[in-house]
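Notes follow once the structure below has been shown.
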Protein chains: 2
Amino acid sequence: MPGIECCNGVTMAEADAQSRARQLLSAAAGRVTPARLAVLEILLDSATALSHHEIEDAIERRGLDVDRVTLYRVLEWLVERDLAHRIAAEDRVWRFNAADRAHAGEHAHFHCTQCGQIVCLDGPDSAATFALPEGYQPERAEITIHGRCPRCAG
Amino acid sequence: MPGIECCNGVTMAEADAQSRARQLLSAAAGRVTPARLAVLEILLDSATALSHHEIEDAIERRGLDVDRVTLYRVLEWLVERDLAHRIAAEDRVWRFNAADRAHAGEHAHFHCTQCGQIVCLDGPDSAATFALPEGYQPERAEITIHGRCPRCAG
DNA sequence: ACCATCAATGCAATCGAGTTGCATCTTTTA
DNA sequence: TAAAAGATGCAACTCGATTGCATTGATGGT
Ligand SMILES: [Mn+2]
Ligand SMILES: [Mn+2]
Ligand SMILES: [Zn+2]
Ligand SMILES: [Zn+2]
């Protein structure tokens, strides 16, 4: 739990996320509900992509109670409005990130094979040019680097 | 269904696959069973990566009957022995390829967003060097190009 | 402030890919 | 050909995710 304590056990990072979440939700056409606020705040506050379960736990830790189906629908809603983005991992579990942490367009991901964490990498970097066979029309590249995160490599 | 007809409605490609499958299975330590033969033949005969369901259908088309659990276990067995390799797609369904079609080591995949087919791409190509943040230790890159296959782009 | 509207929620049931336990059958080896 | 190891079939199960439907609640207009 990083960040300097602010008040009521809420860190400054969380306070930032709170106001930003409210602002982002107001901007998007749709209702501002406790569930949407909490989920977006949690995503904004996290450096790593979070699974449905991890978000559920974070919600509980805030003393809130959101039905798991509602959580699925909130996440779907956020993704549709580009407030979050969804990552398919090899364990067949979706993970979510606040979209602003993920740089606007394409970006790669890093997956730690030890702790399982997934983080967004800045920029598409050396935009690999792939020699595709004749006739294949590329639209986007999905790139995941597997390895060890700083914490696990240390 | 590509390939020149050979006999009994079996194409030459399938005949090739049959002998190659038998040969590969004998080489690997383990029993040569009808299920393993059929599955490996089907994988060898396919240009695209096949889902569990697609393999099941192909087995039925051959007049064979293999339990779905057995199919899962056969696929697992083939992957463990590097006779096949497994691809995680965004629809959370595993797809399989005969390993010899996939070049030995790392290789990228192409996913057609229209027909859903997944094919292995030759070589890792311009092995993109990613500018990872400090401390991240890359081990392998997983690359999928999304776009239109020749058939769907035409 | 109040209400009416309709989007959002909760709950139970359901789906679908994949897994596990165990009894039975087959391949292989001696 | 028989024993032993290994593979298969079946039923039950796990788990992430989805659907249907009745109820609740956020919001805009009064
Ligand atoms: Mn991302
Ligand atoms: Mn491949
Ligand atoms: Zn790690
Ligand atoms: Zn296609």
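Chain A is the first sequence line, chain B the second, and so forth, proteins listed ahead of strands; every chain is numbered from 1. The figures that follow rest on heavy atoms only: side chains count, while hydrogens, waters and symmetry mates do not.
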Inset, instruction - On DNA chain C, reading 5' to 3', which nucleotide is the first and which the last to sit with an atom under 4.0 Å from a heavy atom of chain A, could you check? - result: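 Contacts span C/dC6 to C/dG18, reading 5' to 3'.
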Applying the 4.5 Å side-chain criterion to the ILVMFWY set and letting contacts propagate, would [X] and [Y] be lumped into a single cluster?
X	Y	answer
B/V69	B/I59	no
B/L64	B/Y72	no
A/V39	A/V93	no

Inset, instruction - Name every residue in residues 67-75 of chain B that has at least one heavy atom under 4.0 Å from any atom of DNA chain C, in order of residue number, or write none if there are no such residues. - result: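 The stretch gives B/R68, B/V69, B/Y72, B/R73 as the residues lying under 4.0 Å from the strand, ordered by number.
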Inset, instruction - Just jot down the side chain to side chain donor-acceptor pair (under 3.5 Å) partners of B/E80, sequence neighbours excluded, or say none. - result: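 Not a single residue meets the side chain to side chain donor-acceptor pair (under 3.5 Å) criterion with B/E80.
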Minimum heavy-atom separation for [X] and [Y], please, with both atom names.
X	Y	value
B/H111	B/G116	CD2-O, 3.6 Å
B/A58	B/I42	CB-CD1, 3.6 Å
A/N97	A/S46	ND2-O, 4.4 Å
A/R36	A/G30	NH1-C, 4.1 Å
A/H52	A/R68	NE2-O, 3.3 Å

Legend entry - Heavy-atom side-chain proximity of B/R95 to B/R86 below 4.5 angstrom: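 With C-beta onward as the side chain, the pair stays apart.
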Inset, instruction - Would you indicate what A/D65 reaches in the nucleic acid, counting non-hydrogen atoms under 4.0 angstrom: base, sugar-phosphate, or nothing? - result: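 The residue A/D65 makes sugar-phosphate contact but no base contact.
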Inset, instruction - With DNA chain C as reference, determine whether A/W77 or A/R92 sits nearer its 5' end, using the nearest nucleotide of each. - result: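 Nearest-nucleotide comparison on DNA chain C picks A/W77.
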Legend entry - Ring-ring centroid check B/H107 B/H109, cutoff 6.0 Å: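 Close enough - the centres of the two rings lie under 6.0 Å apart.
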Legend entry - Any donor-acceptor pair under 3.5 Å from A/T113 side chain to A/G147 backbone: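 Judged by distance alone, yes, a pair lies under 3.5 Å.
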Inset, instruction - Just do the side chain to side chain contact (heavy atoms under 4.5 Å, CB included) check on B/V66 and B/I55 with the steps written out, would you? - result: CA-CA 10 Å; B/V66 175; B/I55 297 168; over 6 Å; no
Inset, instruction - Please indicate whether B/D57 has more than 12 foreign heavy atoms, meaning atoms of other residues, nucleotides or ligands, lying under 6.0 Å from its CG. - result: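 More than 12 heavy atoms, drawn from other residues, nucleotides or ligands, come within 6.0 Å of this atom.
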Inset, instruction - Go through residues 25-33 of chain A and report each residue with a non-hydrogen atom lying under 4.0 Å from DNA chain D, sorted by number. - result: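 Residues of residues 25-33 of chain A under 4.0 Å from DNA chain D: A/R31, A/V32.
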Legend entry - Covered region of DNA chain D, 5' end to 3' end, by chain B [heavy atoms, under 4.0 Å]: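 The protein-touched segment is D/dA5 to D/dA17.
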Inset, instruction - Enter the inter-axis angle for the ends of the helix from C/dA1-D/dT30 to C/dA30-D/dT1 (five pairs per end, rounded to 10°). - result: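 End axes: 30° apart.
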Legend entry - Contact nearer the 5' end of DNA chain D, comparing A/P34 with A/W94: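 Looking at DNA chain D, the more 5' nearest nucleotide goes with A/W94.
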Inset, instruction - Scan B/R20, B/R62, B/R22 and name whichever one has a salt bridge (charged side-chain N to carboxylate O under 4.0 Å, His left out) with B/E41. - result: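 Among B/R20, B/R62, B/R22, the one that satisfies the salt bridge (charged side-chain N to carboxylate O under 4.0 Å, His left out) with B/E41 is B/R62.
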